[in-house]
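Please read the structure below before turning to the comments.
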Amino acid sequence: MEKLEDYVHQHAIDSPDKTVVIYNDITISYAQLWAQVSDRCAQLEQDEVGKGTLYVFKAIPTHDFLVTYLALHCLGAAAVPLEKDATDENFHEIQSSLSHTTLEFSEDDPSENIADVLFTTGTTGARKGVMESNSAILADAENLISAQGFCSDTVFVICGPLNHIGSLSKLWPTLIVGGTIILLDGMKDLEQFFKALSYPQGKLATFMVPASIRIVLQLGKDRLAQLSDRIDFIETGGAALSQADMEALCQTLPHTRLYNTYASTETGIVCTYDFNHNPTIAGCVGQSMPHASVFITPNNTIACKGDTLMSGYLNDPLLTASVLHDDTVFTEDLGEIDAAGNLHIKGRNNDVINIGGYKVSPEEVENAALACPGIKDCICYHTVSPLFGETIKLLYVVKEGSAIGKRDLAQFIASRLESYKVPRIFEQTDTIRHTYNGKLDRKYYSRL
């Protein structure tokens with residue numbers, strides 16, 4: 001089979017009554033889903049949506065998203081899902097900018113046609129439309145099926161944005177193996193989250209960014225522990241999960257497979273590592289999966305090859321050529337590969353802070369701070385001080401009921417890191433800004 005929707009169609013024939021998606025207590029079978037996909041195809045064709053069309057829509061987590069998404073693929077159009085909370089101005093701006101663009105379409109090799117265009121969050125620059133082919137989607141799905149054991153009994157709880165590869169990519173393997181998807185409207189309702197993980201059938205799994213894992217550990221650790229025998233695996237990625245949170249999650253779910261995955265919209269799903277059944281090492285993302293490979297460049301950045309790579313940036317051949325060439329995506333992620341072949345993430349080249357000739361990874365400082373009891377969240381960034389000149393600042397949030405002085409926090413970090421990595425300026429705050437997909441909003445703080 002060459003495309004994702006081919007598998008869904010086959011499941012509708014072979015297992016018509018099998019539940020494919022659940023949301024708001026509504027249950028949809030594979031047969032019902034495929035019938036609605038067929039109806040949506042007819043509607044979209046009336047609106048002149050067809051081969052090579054770029055179709056912009058909001059990624060609202062209901063079964064209707066799945067219907068539209070698959071129907072667009074069936075028609076040879078490209079799905080362009082935007083953040084569910086995108087403003088009307090932002091939505092119409094992107095819709096208007098793409099209205100006169102039609103992608104090339106090949107009848108001879110449908111697998112290489114563009115299926116999705118995913119806009120990056122813009123945390124490190126302008127938003128970019130990343131083009132994903134049908135073959136890349138299948139390669140990503142097969143990587144996850146092989147490495148993480150997706151099967152027909154998998155019940156995957158999706159609680160993140162469906163316009164981002166972190167959660168969207170979990171639709172792909174679940175649909176291919178004929179599993180079940182539970183859609184949630186983010187993590188704002190922990191009751192719904194725990195209810196989903198209590199689903200009485202199948203092997204439960206979910207994907208959570210580190211910020212969401214921290215919330216669950218802080219507000220529902222005991223409830224999570226009660227589900228230990230129900231949860232087959234949890235995957236995290238998109239940002240660094242602190243050593244302290246990794247260890248706490250392992251203690252809470254001793255039998256659950258816990259994966260730290262290296263992936264991006266540009267590279268696809270590349271590496272994964274079960275840190276609950278292997279040494280718990282912050283930043284370790286394991287070995288590359290069957291359809292991907294990695295190597296470290298002379299600049300200590302990570303480069304990726306394989307079938308999972310993007311096809312390029314929409315309408316930007318120069319930017320594409322700067323990142324994708326020689327069948328390789330060259331990232332700005334710093335990394336190293338150990339003797340066992342495991343990839344270790346060391347932060348981003350763009351984020352490294354240079355102070356007096358010393359290079360400091362903000363993620364390393366944040367990881368040290370988060371290991372301090374009572375620290376709920378933090379961000380480390382470059383600033384200019386009248387007293388210290390160019391220096392490092394740590395903005396931090398304290399857990400409710402805790403009291404941590406600046407000096408105590410500085411001493412704690414100094415016990416774990418070299419002196420030049422210890423921030424000179426500390427400031428307590430109520431919240432830290434994150435992007436919609438859970439990453440620290442470094443772009444915002446870089447302007448302060």
Side-chain angles (χ1 to χ4, degrees), residues 1-47 49-51 53 55 57-79 81 84 110-111 113 115-116 134-135 137-138 140-142 144-145 148-159 162-163 167-185 192 195-207 230 232:
M1 297 188 188
E2 295 180 319
K3 297 184 293 182
L4 177 66
E5 56 271 25
D6 296 335
Y7 288 89
V8 178
H9 186 197
Q10 193 61 50
H11 293 315
I13 295 170
D14 297 338
S15 307
D17 298 326
K18 174 75 181 286
T19 296
V20 58
V21 62
I22 302 168
Y23 73 100
N24 292 340
D25 295 326
I26 298 172
T27 299
I28 305 294
S29 70
Y30 272 93
Q32 290 171 324
L33 175 65
W34 190 252
Q36 293 181 39
V37 168
S38 300
D39 289 342
R40 186 61 49 84
C41 283
Q43 295 169 7
L44 290 169
E45 283 184 310
Q46 289 182 352
D47 293 333
V49 174
K51 297 171 182 176
T53 301
Y55 188 85
F57 64 114
K58 289 188 179 183
I60 298 171
T62 70
H63 92 287
D64 195 66
F65 169 85
L66 199 53
V67 171
T68 299
Y69 182 74
L70 291 171
L72 291 169
H73 287 191
C74 288
L75 294 174
K84 68 181 180 65
S111 66
N113 289 325
D116 294 352
N134 286 303
S135 62
I137 286 174
L138 290 189
D140 283 327
E142 289 170 4
L144 289 169
I145 292 167
Q148 296 181 352
F150 281 75
C151 65
S152 60
D153 290 331
T154 295
V155 178
F156 205 96
V157 178
I158 291 183
C159 51
L162 286 167
N163 59 306
S167 291
L168 181 64
S169 65
K170 305 312 173 292
L171 291 179
W172 306 334
T174 308
L175 291 174
I176 284 177
V177 299
T180 299
I181 297 157
I182 299 179
L183 293 175
L184 300 179
D185 189 8
Q192 289 299 315
K195 179 181 178 181
L197 287 179
S198 303
Y199 188 70
Q201 302 171 20
K203 299 178 178 180
L204 275 295
T206 192
F207 170 86
R230 296 284 304 119
D232 186 27

If you measure from [atom1] on [X] to [atom2] on [Y], what distance do you get to the nearest 0.5 Å?
| X | Y | atom1 | atom2 | answer |
| --- | --- | --- | --- | --- |
| L4 | L138 | CG | CG | 7.0 Å |
| C41 | H73 | SG | NE2 | 11.0 Å |
| L168 | I158 | CG | CD1 | 8.0 Å |
| K3 | I137 | NZ | CD1 | 11.0 Å |
| S111 | N113 | OG | CG | 8.0 Å |

Would you say that [X] contacts [Y] through its side chain, given a criterion of any heavy-atom pair below 4.5 Å between the two side chains?
| X | Y | value |
| --- | --- | --- |
| L70 | L33 | yes |
| T174 | T180 | no |
| V155 | Q201 | no |
| D25 | K195 | yes |

Does [X] reach the main-chain N or O of [Y] with its side chain, forming a donor-acceptor pair under 3.5 Å?
| X | Y | answer |
| --- | --- | --- |
| S29 | P16 | yes |
| T19 | T27 | no |
| T206 | V157 | yes |
| H11 | I176 | yes |
| T154 | F156 | no |

Which heavy atom in [X] sits nearest to a heavy atom in [Y], and how many Å separate them?
| X | Y | answer |
| --- | --- | --- |
| L144 | P173 | CD1-CG, 3.9 Å |
| P81 | A59 | CB-CB, 4.1 Å |
| A196 | L204 | O-CD1, 3.5 Å |
| N134 | A115 | OD1-CB, 3.3 Å |
| A12 | Y30 | CB-O, 3.6 Å |

Can the ring centroids of Y69 and F57 be said to lie less than 6.0 angstrom from one another?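 Aromatic pair excluded; centres sit 6.0 Å or further apart.
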Given the rule in the side-chain contact (heavy atoms from CB on, under 4.5 Å) test, do K170 and I181 qualify, once you have shown the distances and angles that lead to the verdict? CA-CA 9 Å; K170 305 312 173 292; I181 297 157; over 6 Å; no
Around atom [atom1] of [X], are there more than 12 heavy atoms of other residues, nucleotides or ligands at under 6.0 Å?
| X | atom1 | result |
| --- | --- | --- |
| K18 | NZ | yes |
| K58 | NZ | yes |
| F207 | CZ | yes |

Among L162, I28, V8, L175, the one residue meeting side chain to side chain contact (heavy atoms under 4.5 Å, CB included) with L66: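 That would be L175.
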Go through the steps for F65 and V21 under the test side-chain contact (heavy atoms from CB on, under 4.5 Å), then give the verdict. CA-CA 11 Å; F65 169 85; V21 62; over 6 Å; no
Assess, by modelled atom type and distance only, whether the side chains of Q36 and H63 contain a donor and an acceptor separated by less than 3.5 Å.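 Yes, a side-chain donor-acceptor pair sits under 3.5 Å.
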For a quick check under 3.5 Å, do R40 and T68 share a side-chain donor-acceptor pair by atom type?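 Judged by distance alone, the side chains do pair up.
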Decide yes or no on side-chain contact (heavy atoms from CB on, under 4.5 Å) for I182 and Q192, but give the supporting numbers first. CA-CA 11 Å; I182 299 179; Q192 289 299 315; over 6 Å; no
Given side-chain contact (heavy atoms from CB on, under 4.5 Å), test Y55 with L44 step by step and report yes or no. CA-CA 10 Å; Y55 188 85; L44 290 169; 3.8 Å; yes
